[in-house]
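The figures that follow rest on heavy atoms only: side chains count, while hydrogens, waters and symmetry mates do not. Every number for a ligand or one of its atoms is a count from 1 in the order of the listing.
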Amino acid sequence: MSAKVHVALGERAYDVVIGEGLLDRAGALVAPLLRRRRVVVVSDETVAAAHLDRLSAALDAEGIVCHALTLTPGEATKCWRELERVVEWLLAQKVERNDVVIALGGGVIGDLVGFAAAVLRRGVRFVQVPTSLLAQVDSSVGGKTGINSPAGKNLVGAFHQPALVLADIGVLDTLTERDFLAGYGEVVKYGLLGDADFFEWLETNAAAVRGRDRAALAHAVTRSVEMKAGIVVRDETEQGDRALLNLGHTFCHALESATGYSSRLLHGEGVAIGCALAFELSSRLGLCPQEDPSRLRAHLKAMGMKTDLSDIPGEIPSAETLLELMGQDKKVVDGAIRFILARGIGQAFVTSEVPPEMVLAVLGDALSGR
Ligand code: GLY
């Protein structure tokens with residue numbers, strides 16, 4: 001059983017297929033895209049050890065020859081040096097304009113390989129085979145590709161939509177609990193930003209999702225992808241609505257920066273804590289019901305997730321420093337920090353009109369555990 005979400009972007013339209021065992025069907029699913037029976041795959045060592053043999057066997061079963069490059073796992077791989085390595089390898093493999101590059105991995109591989117595909121011969125098609133929950137529900141869909149620069153994360157990149165996304169929920173079994181829950185931070189974000197019924201469904205099915213029950217996971221991933229696809233179709237290049245996908249991210253980026261982008265805080269963990277802070281701020285501003293922040297925090301706790309600043313190990317800087325770090329976010333427009341706030345669960349909106357003293361008050365209280 002699989003579900004299909006169509007991302008209706010005209011000549012850049014594509015399908016996201018979600019289901020179990022898709023890796024074993026990858027040959028048949030990719031074949032219609034190919035002019036010649038040959039693909040190249042880029043992955044990382046951890047993901048390749050777990051899944052590359054299955055993918056190669058599935059391609060082989062359809063007579064598709066596959067050559068693979070494996071990179072070092074981790075965020076540091078999303079850099080200029082590795083981009084050059086991937087592009088030069090693709091050229092050495094004689095990848096042509098009509099060929100297809102497969103990105104097998106989490107967000108780092110998807111972003112890097114997508115960007116390499118975007119710049120290779122002015123753009124070759126690529127297929128995303130996301131293997132983390134975060135990549136399945138967020139980074140593999142929507143065409144944001146890129147690398148980090150010494151000046152900041154994701155500062156160099158391009159919009160380059162994939163030709164197909166294969167989200168095999170079975171591969172999520174190999175994730176650690178921590179990585180799985182970090183990805184869940186992005187799932188809960190979709191309910192919070194635009195679908196109160198989905199948030200309620202997540203509350204009701206928290207145990208099943210956390211237990212990686214197949215049916216529950218399939219629904220959670222499919223609904224998340226449907227929501228992301230809808231937003232991307234409305235605003236592919238983030239001129240407006242797409243910014244809603246950054247709910248929780250303004251706080252998150254400050255916290256990631258304050259913790260040195262280290263294992264103290266994974267991105268999805270920062271998103272969850274950031275969403276809780278965004279709802280707290282919305283409530284203090286009288287925008288959303290007072291019970292919404294506590295309802296959200298109760299759900300995150302029920303999932304066993306980091307919820308509060310005190311859940312982050314080690315020292316966290318002062319509220320003033322965190323606010324300053326928010327001001328360095330790349331989403332700052334004309335010097336004003338852009339926040340995604342909410343009028344209630346499922347009703348997010350974008351605003352640059354938030355009094356800094358209110359942000360300081362929310363952060364100050366969060367730091368003192370109130
Ligand atoms: N991850 C946010 C976006 O794709 O716009």
Side-chain angles (χ1 to χ4, degrees), residues 5-9 12-14 16 18 75 78 103 105-115 117-118 126 128 130-148 152-162 165 167 179 182-195 220-257 261 265-275 278 326 329-333 338-342 348-350:
V5 178
H6 186 65
V7 186
L9 284 171
R12 293 179 308 290
Y14 55 96
V16 182
I18 300 139
E75 188 72 28
K78 241 174 84 171
V108 167
I109 289 293
D111 285 7
L112 171 69
V113 177
F115 189 37
F126 79 115
Q128 292 265 24
T131 56
S132 68
L133 181 56
L134 188 137
Q136 292 194 353
V137 299
D138 186 38
S139 59
S140 68
V141 181
K144 278 192 182 174
T145 71
I147 56 169
N148 303 326
K153 272 186 80 172
N154 294 326
L155 289 184
V156 180
F159 285 101
H160 185 51
Q161 299 292 342
V165 182
D179 282 332
Y184 184 78
E186 298 281 359
V187 173
V188 81
K189 178 191 81 176
Y190 289 107
L192 294 171
L193 75 86
D195 187 347
V221 173
T222 305
R223 184 65 198 125
S224 300
V225 170
E226 278 171 357
M227 291 198 63
K228 175 136 194 192
I231 290 173
V232 166
V233 166
R234 288 206 299 279
D235 177 21
E236 185 180 5
T237 57
E238 200 167 319
Q239 307 303 309
D241 264 13
R242 187 164 178 162
L244 293 173
L245 295 170
N246 295 322
L247 176 62
H249 284 61
T250 309
F251 288 106
C252 171
H253 289 152
L255 294 170
E256 283 184 298
S257 171
Y261 298 95
L265 185 73
L266 302 180
H267 176 72
E269 293 173 337
V271 170
I273 295 173
C275 284
M326 285 182 186
D329 194 282
K330 72 174 181 300
K331 305 249 164 33
V332 169
V333 180
R338 196 167 51 163
F339 285 90
I340 317 302
L341 298 181
F349 65 98
V350 186

Near ligand 1, which protein residues have a heavy atom under 4.0 Å away?
D138, K144, K228, E238, R242, L245
Check E238 with R338, please: is the shortest side-chain N to carboxylate O separation under 4.0 Å?
yes
Checking D138, D241, D195 against K228 for salt bridge (Lys or Arg N to Asp or Glu O under 4.0 Å), the one that qualifies is D138
Between D111 and K144, does at least one N-O distance fall below 4.0 Å, as a salt bridge requires?
no
Compare every heavy atom of E236 with every heavy atom of R242, then report the nearest pair and how far apart it is.
NH1-O, 2.8 Å
Using side chain to side chain donor-acceptor pair (under 3.5 Å), reason through Y261 and E75 one step at a time and then give a plain yes or no.
CA-CA 9 Å; Y261 298 95; E75 188 72 28; over 6 Å; no
Check: H160 ring centre within less than 6.0 Å of F115 ring centre
no
